[in-house]
Amino acid sequence: MAGGRGTRFWPLSRDSRPKQLLNIIGDRSMLQITVDRLRKMDFMKEIVIVSGREQESRIKDEIEGVSHENIIVEPSGKNTAPCIGLSAYHLLKRDPHSVMGVFPADHLIVGHKKFSAALRTASELARSEDALVTIGVVPSSPHVGYGYIQFDQRNELIEGKAYKVKTFAEKPSRSVAERFLKSGDFLWNSGMFVWKASAYLDAMETLLPEHYEILKDIGESVGTEDYPSTLEDQWELLTPKSVDYGILEKAENIVVVRSEFEWSDLGSWNSFYDMLPKNGSGNVIRGDAIVVDAENSLIHSNSKLTAVIGLKNIVVVNTDDATLVVSRDRVEEVKKIVTLLKKSGRDEVL
């Protein structure tokens with residue numbers, strides 16, 4: 001899934017080049033890193049990218065290892081449930097027994113063998129149990145920026161590896177997150193899933209019937225000359241809905257694979273700060289910057305000098321046309337700036 005706009009990474013992330021197309025780590029984009037990661041797995045038959053029209057041409061020009069025929073375009077963003085449903089219909093046209101893995105385009109994963117093993121286990125469960133399988137990551141800290149999955153320790157499907165899901169929990173407070181870790185039966189919700197394409201659509205028919213009927217019309221036209229017009233006409237009838245709220249928190253056949261690879265969703269500037277090496281004062285400094293008596297801060301300066309004196313726990317991101325200064329404990333609110341810019345018609349910095 002590569003259609004997000006990465007609003008919490010403004011001002012680096014823009015409509016024409018969102019976070020997943022930025023070279024945030026090294027010299028390859030987050031989307032290319034994701035594609036490369038999946039291409040290493042011999043059981044991965046093919047890779048399909050779903051994105052919006054704004055990014056279609058860049059993806060075709062810049063991403064290696066995915067044919068243009070495997071790029072599905074959403075007319076507009078409708079959140080994850082319709083995105084996955086549209087993909088499921090495309091895959092079913094190719095193979096009625098398709099098992100699909102769903103991956104956000106902008107995650108950081110370290111530990112290829114453990115990641116690959118988790119996906120193999122998830123694929124086996126999706127085929128044998130007809131389950132909707134989530135990938136849960138063993139938490140390394142009481143992170144308040146992630147959702148959590150509680151698994152049922154008494155309902156173990158594969159010893160030490162896979163369990164029935166007990167409940168999903170929203171992003172918690174610090175104290176609640178600490179309780180989650182102490183309990184030993186909570187995992188980070190990675191937002192990665194594996195299931196039969198048909199099983200997902202069956203769940204959608206039961207739990208999101210209005211969405212299902214619209215997507216069914218679109219799906220039946222896939223591969224025909226009517227597909228472009230049907231997609232245009234029907235897609236806008238969909239209301240945005242996340243797969244978490246729409247499907248996973250309501251379905252009964254949910255399984256989680258307990259995974260121990262290192263993972264970050266790079267959802268905010270704090271995630272970026274956490275993954276990068278720091279100097280003796282706890283600062284991450286990238287680009288042309290001078291920092292005096294500052295601590296535990298991220299300074300990212302694209303093309304001009306940025307000077308910081310005597311500040312703690314801040315993020316400064318300086319680009320050609322915009323500068324962001326925000327306390328690290330409020331980086332989740334950066335998307336509010338993007339909303340205000342849209343309302344005021346400041347398209348030149350969006």
Side-chain angles (χ1 to χ4, degrees), residues 1-7 13-21 31 34 46-61 63 66-96 98 100-106 132 191 193 195-251 335 338-339 342 347 350:
M1 297 184 293
R5 301 201 170 194
T7 54
S13 184
R14 305 292 178 97
D15 286 352
S16 61
R17 187 172 283 278
K19 178 178 59 170
Q20 61 269 20
L21 292 178
L31 176 55
T34 302
E46 57 184 326
I47 297 170
V48 174
I49 296 174
V50 189
S51 190
R53 286 209 178 98
E54 300 92 338
Q55 293 88 42
E56 179 185 7
S57 61
R58 285 191 181 277
I59 289 173
K60 287 181 176 178
D61 291 342
I63 301 303
V66 178
S67 68
H68 290 184
E69 292 74 23
N70 278 10
I71 297 172
I72 300 171
V73 177
E74 298 175 290
S76 60
K78 297 292 184 179
N79 214 319
T80 51
C83 169
I84 297 168
L86 178 64
S87 307
Y89 272 113
H90 275 268
L91 296 177
L92 284 177
K93 282 286 183 177
R94 305 178 187 195
D95 178 0
S98 288
M100 61 189 295
V102 180
F103 309 96
D106 52 3
L132 303 180
F193 317 108
W195 44 56
K196 290 180 182 175
S198 58
Y200 178 78
L201 293 172
D202 288 345
M204 179 170 271
E205 182 177 15
T206 301
L207 301 171
L208 292 174
E210 293 181 3
H211 288 73
Y212 172 79
E213 290 300 328
I214 295 168
L215 284 166
K216 183 181 177 184
D217 287 344
I218 298 171
E220 288 175 347
S221 72
V222 170
T224 74
E225 61 182 15
D226 294 330
Y227 174 70
S229 60
T230 304
L231 178 65
E232 287 292 329
D233 293 343
Q234 296 295 312
W235 188 259
E236 292 311 315
L237 300 177
L238 291 163
T239 55
K241 182 69 70 172
S242 77
V243 67
D244 297 86
Y245 293 135
I247 303 290
L248 297 177
E249 293 185 6
K250 300 174 184 176
K335 56 188 175 183
V338 176
T339 299
K342 288 179 180 177
D347 293 346
L350 290 172

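Just so you know, these numbers use all the heavy atoms, side chains as well, and skip hydrogens, waters and symmetry mates. Keep in mind it's a predicted model, so treat the numbers as computed, not measured.
Sequence neighbours left out, the pairs with a member in residues 85-94 that pass salt bridge (charged side-chain N to carboxylate O under 4.0 Å, His left out) are Glu46-Arg94. Each salt bridge (charged side-chain N to carboxylate O under 4.0 Å, His left out) pair with one or both residues in residues 240-251, not counting sequence neighbours, would appear here, but there are none.
Atom-to-atom distance recorded for Ile247:CD1 and Phe193:CZ is 10.5 Å, nearest 0.5 angstrom. Atoms CD and OG, on Glu74 and Ser51 in that order, are 7.5 Å from each other to the nearest 0.5 Å. Here Ile72 contributes atom CD1 and Leu86 contributes atom CG; the two are 5.5 Å apart, rounded to the nearest 0.5 Å. Residue Met1 holds its CE atom at 11.0 Å from OG1 of Thr34, rounded to the nearest 0.5 Å. From Gln55, atom CD reaches atom CG of Asp61 across 13.0 Å, with rounding to the nearest 0.5 Å. To the nearest 0.5 Å, the span separating CD1 on Ile49 from CG on Leu31 amounts to 4.5 Å.
Residues Trp195 and Met100 have side chains in contact (heavy-atom distance under 4.5 Å, counting atoms from C-beta outward). For the pair Asp15 and Asp347, the minimum side-chain heavy-atom distance is 4.5 Å or more.
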Atom pairs and distances, side-chain donor-acceptor, residues 217-227, under 3.5 Å, sequence neighbours left out:
unit_1, atom_1, unit_2, atom_2, d
Ser221, OG, Ile218, O, 2.7
Thr224, OG1, Ser221, O, 2.7
Thr224, OG1, Asp226, N, 3.2
Tyr227, OH, His90, NE2, 2.9

Check: residues 199-215 side-chain donor-acceptor pairs under 3.5 Å, at least two apart:
unit_1, atom_1, unit_2, atom_2, d
Tyr200, OH, Ala81, O, 2.9
Thr206, OG1, Asp202, O, 3.3
His211, NE2, Thr239, O, 2.8
His211, NE2, Thr239, OG1, 3.2

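In plain terms, the two heavy atoms of Gly191 and Pro104 that are nearest each other are O-CD, 3.5 Å. Of all heavy-atom pairs spanning Val50 and Cys83, the tightest one is CG1-SG, 3.7 Å. Taking every heavy atom of both residues into account, Val73 and Gly52 meet most closely at CG1-C, 4.1 Å. Nearest heavy atoms, Pro18 versus Gly4: CB-O, 3.5 Å. When all heavy atoms of Leu92 and Ser198 are compared, the closest pair comes out as CD2-N, 4.1 Å. When all heavy atoms of Ala105 and Gln20 are compared, the pair lying nearest together is CB-CB, 3.9 Å.
Side chain of Ser13 to main chain of Arg5: a donor-acceptor pair is present (N/O by atom type, distance under 3.5 Å, no hydrogens or angles). Checking side-chain atoms of Thr80 against main-chain N and O of Val243 turns up a donor-acceptor pair under 3.5 Å. Of the possible polar contacts, one joining the Arg58 side chain to the Ser16 backbone as a donor-acceptor pair under 3.5 Å is found.
Remark: Glu236 pairs with Lys78 by the salt bridge (Lys or Arg N to Asp or Glu O under 4.0 Å) rule, at least two apart or across chains. Listed by chain and number, the residues in a salt bridge (Lys or Arg N to Asp or Glu O under 4.0 Å) with Asp233 amount to none (sequence neighbours excluded).
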* Asked: What's the verdict on side-chain contact (heavy atoms from CB on, under 4.5 Å) for Val338 and Leu350, showing C-alpha distance, side-chain angles and the deciding distance?
  -> CA-CA 7 Å; Val338 176; Leu350 290 172; 3.8 Å; yes
